[in-house]
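None of the values given here were measured: they were computed from a predicted structure.
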Amino acid sequence: MASPHSTAMDSPTGSHPSHPTGRPTGRPTSRPADRPGNRPGDRPANRSTNHPTAPEPGPPHLYLPEDRHTTALTHALVAAGRGYPVIPLTRAKLPAVRSPHHADHAAPTPCRGACGRPGHGIHDATADPLAVRRLFAAAPWATAYGIACGVPPHHLIGIDLDTKHGADGLTALQLLASEHHFTLPPTVTVRTPSGGHHLYFSGPPTPLIPNSAGRLAPGIDIRGTGGYLVGPGSHTSRGTYHLIPGTPRTPAPAPTALLHLLTHSPHTTHSHTPHTHTPYSHTTPPHPSLHTPTSPAPALLRFVRTAPNGQRNARLFWAACRAYESGLGQEMATALTTAALDTGLTEREARATIASAARR
C-alpha cells in the first residue's frame, strides 16, 4: 500500500501542506565558493602543518520540528471547509476541551452545549472556521481532530477495521459483503497507526446509525450518530493517521445491504436447539446447500481457519452464528468443528462455542 507523499497530504476533504508553511525545509549542504579555504590555491584557514583542525561547524540547523497542534488545526480547517463538523482531540483521541460543568455534580441533565461555552465533546463539532479556531485555541495541547458522524451534510458512517489483538476487520467485512451480496464501492480510506483502516460512507438522514464495537464481526467497529472518526493528519499517542493516496475525496453512499446490517439487530431464521433436527420452521424457506455457488460456507470455514491466537473462539462463534442464520448450522457443525481444530482449539471448546451460537 502506497504511503502519502512526503511534501503534501490529502485530507478527505482537500489537500494542504503536511508542514506549516513559511518554514525553511532544510539547511545548506555546502559552503559558499568564495569563502577562504574553498578556492583552489588557498591555504586552509586555521590549520597548522602539524595539527589539522576539526571541521568547521556547519550553519545552525534551520529545520524546526513539526507543530502537531498547528498541523491538526490546518487539517481540521480543510475538513470544515468541505462541510465536515470537527472538534479538537488529545493524543489519547478524546475531546480536548475540558467540560465547563466538571464541578456541577448536581446537574439534573447533562448539558449538550446550550450554555454556549465549549467543552461538550461531540456536541461542540462545527464546520464554521472561526469556531474551529476558537476550539483549538481553548485546547493548545490538541494534536488531533475528530470528524463528527451522522450529521449533515454527509451523515457520515465510519467503518473502523481493526487489526489489533489478532482481529482482521477487513477480511470480516469482505466476508459480510460476499454473504449479503453487496459490493464495497471505492471511498475515502484512512490508514490508522495500528495498520487498520477507516472507511467513510455517506448515509441517509434516517434511520440513525448506532455506534457499535464488534457487533457485525470481530474487528469491525461502527461510528454513527454521536460518534466521530479521528481525521487524517491527526497525531496521537500511537502515531499519525494518513489518507490513502488515490482514494476519492468524498465518501461514497453506503450500500443498501450494508445499511440494513447497520440498522437491524442480527437475528436468526431458525428455531434450533442442540437436540433439534429441523433447523428451520415451516415458514422458513429451505436452506441452501453447502455446495451451491451462493453458499457462505466456504468463506465461513476460511474465516475460522485463518483465525490468529486470541481470536479463535470469537471467529468460530461469529461464523457459527452466521451459519445458523443462513439455515446451515446443523449441516456445518462438523465442518466448523474441524476448522476450529485446525486452529488449535480442542474439540470440547469448539463444540461448546458452536452450541452457544445455536442457542443465540
Side-chain angles (χ1 to χ4, degrees), residues 4 9 11-12 18-20 65-80 84-105 110-113 117-127 131-151 156-167 169 188-200 210-215 218-243 310:
M9 177 167 54
S11 77
S18 59
H19 297 281
E66 184 179 17
D67 185 336
R68 303 292 189 186
H69 178 83
T70 301
T71 300
L73 171 60
T74 304
H75 281 268
L77 286 170
V78 172
Y84 291 83
V86 299
I87 56 171
L89 302 177
T90 66
R91 286 168 49 86
K93 303 186 290 186
L94 299 173
V97 181
R98 188 179 186 184
S99 170
H101 309 291
H102 63 274
D104 299 347
H105 302 296
C111 178
R112 296 187 173 183
R117 292 176 290 175
H120 299 85
I122 196 63
H123 303 292
D124 288 343
T126 177
V132 172
R133 290 183 181 275
R134 287 174 175 165
L135 287 173
F136 272 81
W141 49 84
T143 61
Y145 70 101
I147 298 177
C149 297
V151 295
L156 195 63
I157 301 168
I159 312 292
D160 183 358
L161 305 177
D162 274 338
T163 58
K164 297 178 294 185
H165 310 301
V188 178
T189 306
V190 175
R191 184 172 64 248
T192 69
S194 65
H197 294 87
H198 288 171
L199 305 184
Y200 290 40
N211 294 279
S212 64
R215 185 180 72 87
I220 300 180
D221 296 343
I222 304 300
R223 300 291 179 263
T225 303
Y228 58 84
L229 290 166
V230 179
S234 294
H235 183 78
T236 69
S237 59
R238 294 188 176 273
T240 302
Y241 289 70
H242 294 289
L243 187 76

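Nearest heavy atoms, Cys149 versus Leu229: SG-CG, 4.0 Å. Across all non-hydrogen atoms, the minimal contact from Pro88 to Val97 is CG-CG2, 4.1 Å. Scanning all heavy atoms of the two residues, the minimum distance from Tyr228 to Leu94 falls at OH-CA, 3.8 Å. Among all heavy-atom pairs drawn from Leu243 and Thr189, the shortest one is CD1-O, 3.6 Å. Taking every heavy atom of both residues into account, Ala148 and Leu156 meet most closely at O-CB, 4.2 Å. Taking each heavy atom of Gly119 and Pro100 in turn, the nearest pair found is O-CD, 3.6 Å.
Within the 4.5 Å cutoff, the side chain of Thr126 has heavy atoms near those of the Val132 side chain. No side-chain heavy atom of His75 sits less than 4.5 Å from a side-chain heavy atom of Val86. Inter-residue side-chain proximity for Arg223 and Asp160 is flagged as met; some heavy-atom pair is nearer than 4.5 Å. Side-chain contact between Pro95 and Asp124: absent, with no pair of heavy atoms (C-beta onward) separated by less than 4.5 Å. With a 4.5 Å cut-off on side-chain heavy atoms, Tyr200 and Ile147 count as touching.
Between atom OG1 of residue Thr74 and atom NE2 of residue His69 there is a gap of 9.5 Å, rounded to the nearest 0.5 Å. Between Leu135 atom CG and Ile87 atom CD1 the span is 8.5 Å, to the nearest 0.5 Å.
Side-chain N or O atoms of His235 include none that pairs as donor or acceptor with a backbone N or O of Thr143 at under 3.5 Å. Using a distance-only test at 3.5 Å, with no hydrogens or angles considered, no donor-acceptor pair links the side chain of Trp141 to the main chain of Thr90. Between the side chain of Ser234 and the backbone N or O of Tyr241 there is no donor-acceptor pair closer than 3.5 Å. Judged purely by atom type and a 3.5 angstrom limit, Asp221 has no side-chain atom pairing as donor or acceptor with the backbone of Leu161. A donor-acceptor pair under 3.5 Å is formed between the side chain of Tyr145 and the backbone N or O of Pro232. Within the 3.5 Å criterion, the main-chain N or O of Thr225 finds a donor-acceptor partner in the side chain of Asn211.
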